[in-house]
Amino acid sequence: MSTGQNTADVAVVGLGRVGLPLALSFADRGLTVVGIDNDPVRLGAVRDGVMPFQETGGQELLDRVISNPAHPRLSLSERVADAARARQIVLTLGTPSFSHIEIDMRDIRSALDDLLGVLAPGHSLILRSTVAPGTTEFVAGYLAKHRGFRIGEDVFVAHAPERIAAGRFLEEIDTLPCIVGGVGARSGEVVGEMFGAFEAPIVQTTPVQAELAKIWANILRYANFALPNLLMMDCERYSANVFEVIDLINRDYPRGGIAQPGFTAGTCLRKDFAFSEERSAAPGMLLAVSRVNESVPLFLLEGARRRLGSLANRKVAVLGLAFKADTDDERDSLSHKLIRLLERELADVAVHDPHVATPTVPFEEAVEGAEVVFVAANHSEFREPRALAAITERAAADCLVVDPWNCWDAAQVFAYASELVALRPTHPARG
Ligand SMILES: NC(=O)c1ccc[n+]([C@@H]2O[C@H](COP(=O)([O-])OP(=O)(O)OC[C@H]3O[C@@H](n4cnc5c(N)ncnc54)[C@H](O)[C@@H]3O)[C@@H](O)[C@H]2O)c1
């Protein structure tokens, strides 16, 4: 079947951190792509050949795709309806969660409504966004209800969740099994053909299983990191050293494997558990996991206050705004929460992050005269021994360093800078 007037192979709606690398990768593999985003600034950047965010190899990929004017593979539009120029339409829109513990699918609904009048037999609609269980069947039902399509026969609907980690897109697009949950008889097969542009194996399943597999992969990580975070808080209560306890758990023990503490957040982990919690068989369990991770900034702040007294009018440096190491993505980062909490203590906060777009002060300026330094993101730059040396040189003499990441292998969440230098192993494992 064909829509009869396709001028492109694939449309990607939403050129964010997921959609843009995907659109460029399809184009790079020789498909003709329409990239759609309602943000003119984003489209302008892509048109100008500037990658709007960091993604390993992303700038080179963009250069390759747009420097081929003889064979333009990527066209851009602000209009979602222009997606109908392609046979396969991939939605890579944001899916946050409401504070009501419910998926916020307003962007998906809005795009669906824009597409409703222009879809024709032969079109495929693929949800690449992370969605709550049942959403793919809802989308199929919406098209059937409003247009009378037979889904899986004349129009195809599938969920093919994005499972790639930021910074690893170009490597993982060809290696991570691509899950496809198609609705009806032929959706899985038709959508699987499109992802055949990449080397990764295609794994066919049902829509709801694809949805569950994606969100539970994130729930697994979110819960995995909550355990060492809770252990870190318990260790403080018992005057125990969390890093030593973790070592005791894991060392030569075949059933060990607990992770390390840290700031656990980011745009995916912070909200995807809510998609399960919407209608959980054990309501509250994942909320408790969320509460543990969300309370890490307050735990660290209170730990500093217990050691130093009031933080009011003291200079406090926060190193790292991004939600994880070596990324420029600061969406839903707990570092922002830490800064808000510190400001409510009337501390004088100075922030440094070498990656993010938000302006921050240089490292030396942030730590100069600081009485407390919080390591909020474990960027490679901070794990360097010279970063600790700069803190000891520039910060206040008895500066407290709060480092849940164990950046310098000194194995202390709270320690004075001079102690950290003394405790660092002579053969550091990293940095
Ligand atoms: N970022 C990740 O690492 C990652 C990984 C796996 C899955 N996901 C999931 O993928 C989805 C997209 O995430 P993201 O990080 O790329 O989001 P994003 O916010 O970076 O990108 C969404 C893009 O859609 C555009 N947009 C919003 N509404 C629009 C509309 N009506 N019409 C056209 N464009 C519109 C925005 O301008 C933005 O550029 C989410 O469901 C997310 O949970 C993200």
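Heavy-atom basis, side chains included; hydrogens, waters and symmetry copies ignored. All residue numbers refer to positions in the sequence shown, counting from 1. For ligands, and for the atoms within them, numbers begin at 1 and follow the listed sequence.
The neighbour count for Met285 CE, taken as heavy atoms of other residues, nucleotides or ligands under 6.0 Å away, does not exceed 12. Atom CZ of Arg305 is surrounded by more than 12 heavy atoms from other residues, nucleotides or ligands within 6.0 Å.
Pairing each heavy atom of Thr56 with each of Leu170, the nearest pair is O-CD1, 3.4 Å. Here the closest heavy-atom approach between residue Leu115 and residue Ala83 is recorded as CD2-CB, 3.9 Å. The two residues Asp37 and Gly16 come nearest to each other via the heavy atoms OD2-N, 4.2 Å. Looking at every heavy atom in both residues, Arg383 comes nearest to Trp408 through O-CD1, 3.7 Å.
An N or O contact shorter than 3.5 Å is missing between Glu162 and ligand 1 by distance. Ligand 1 has a nitrogen or oxygen under 3.5 angstrom from a nitrogen or oxygen of Thr130. Note: an N/O pair closer than 3.5 Å links Arg331 and ligand 1 by distance alone. Considering backbone and side-chain N/O atoms, Thr92 never comes within less than 3.5 Å of an N/O atom of ligand 1.
Near Asp39, with a cut-off below 4.0 Å to any heavy atom, the atoms of ligand 1 are 37 (O). Near Ile164, the atoms of ligand 1 lying under 4.0 angstrom from a non-hydrogen atom of the residue are 5 (C). Ligand-side atoms of ligand 1 in range of Arg42: 39 (O), range being under 4.0 angstrom from any heavy atom. Each of the atoms 40 (C), 41 (O), 43 (O) of ligand 1 lies under 4.0 Å from some heavy atom of Thr95. Ligand-side atoms of ligand 1 in range of Asp107: 27 (C), 28 (N), range being under 4.0 angstrom from any heavy atom. Interface of Ser110 with ligand 1, defined as ligand atoms under 4.0 Å from a residue heavy atom, comprises 31 (N).
Panel note: side chain Asn229, backbone Gly262; a donor-acceptor pair is recorded below 3.5 Å. Without hydrogens or angle criteria, Ser290 side chain to Leu286 main chain gives no donor-acceptor distance under 3.5 Å. A donor-acceptor contact shorter than 3.5 Å is absent between the side chain of His159 and the backbone of Val208.
Proximity of Glu78 to ligand 1 is not established, as no heavy-atom distance is less than 4.0 Å. Every heavy atom of Ala111 sits 4.0 Å or more from the atoms of ligand 1. Close to ligand 1: Lys214, with a non-hydrogen atom less than 4.0 angstrom away.
In terms of protein heavy-atom proximity, atom 24 (O) of ligand 1 is closest to Gly14 CA, 3.3 Å. Looking only at heavy atoms of the protein, atom 43 (O) of ligand 1 is closest to Lys271 NZ, 2.6 Å. Nearest protein heavy-atom contact of atom 23 (C) of ligand 1 is Asp37 OD2, 3.6 Å. Looking from atom 11 (C) of ligand 1 to the surrounding protein, the closest heavy atom is Leu93 O, 3.3 Å. Here the protein heavy atom with the shortest distance to atom 44 (C) of ligand 1 is Val18 CG2, 3.3 Å. For atom 21 (O) of ligand 1, the closest heavy atom belonging to the protein is Gly16 CA, 3.2 Å. The protein heavy-atom contact nearest to atom 33 (C) of ligand 1 is Asn38 N, 3.3 Å.
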Please step through side-chain contact (heavy atoms from CB on, under 4.5 Å) for the pair Leu176 and Arg168, ending with a clear verdict.
CA-CA 11 Å; Leu176 284 192; Arg168 300 212 190 132; over 6 Å; no
Audit row: Arg29, Asp174, salt bridge (charged side-chain N to carboxylate O under 4.0 Å, His left out) steps and yes/no
CA-CA 11 Å; Arg29 303 297 160 106; Asp174 284 312; 2.8 Å; yes
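Classified by interplanar angle (parallel below 30°, tilted 30° to 60°, perpendicular above 60°), the ring pair His352/Phe363 is perpendicular. Classified by interplanar angle (parallel below 30°, tilted 30° to 60°, perpendicular above 60°), the ring pair His100/Phe98 is perpendicular.
Counting heavy atoms under 4.0 Å from ligand 1, residue Asp329 does not touch it at all. If you look at Val80 next to ligand 1, the close heavy atoms, those under 4.0 Å, all belong to the side chain. Heavy atoms of Val131 found under 4.0 angstrom from ligand 1: none, in either backbone or side chain. Counting heavy atoms under 4.0 Å from ligand 1, residue Pro161 does not touch it at all. When non-hydrogen atoms are compared, ligand 1 lies under 4.0 Å from the backbone of Ser129 as well as from its side chain. No part of Arg163 comes within 4.0 Å of ligand 1, judged by heavy-atom distances.
For the pair Ser25/Leu61, a side-chain contact is recorded, criterion being any heavy-atom separation below 4.5 Å from C-beta on.
In this structure, CG on Asp9 lies 4.5 Å from CG on Leu31, to the nearest 0.5 angstrom.
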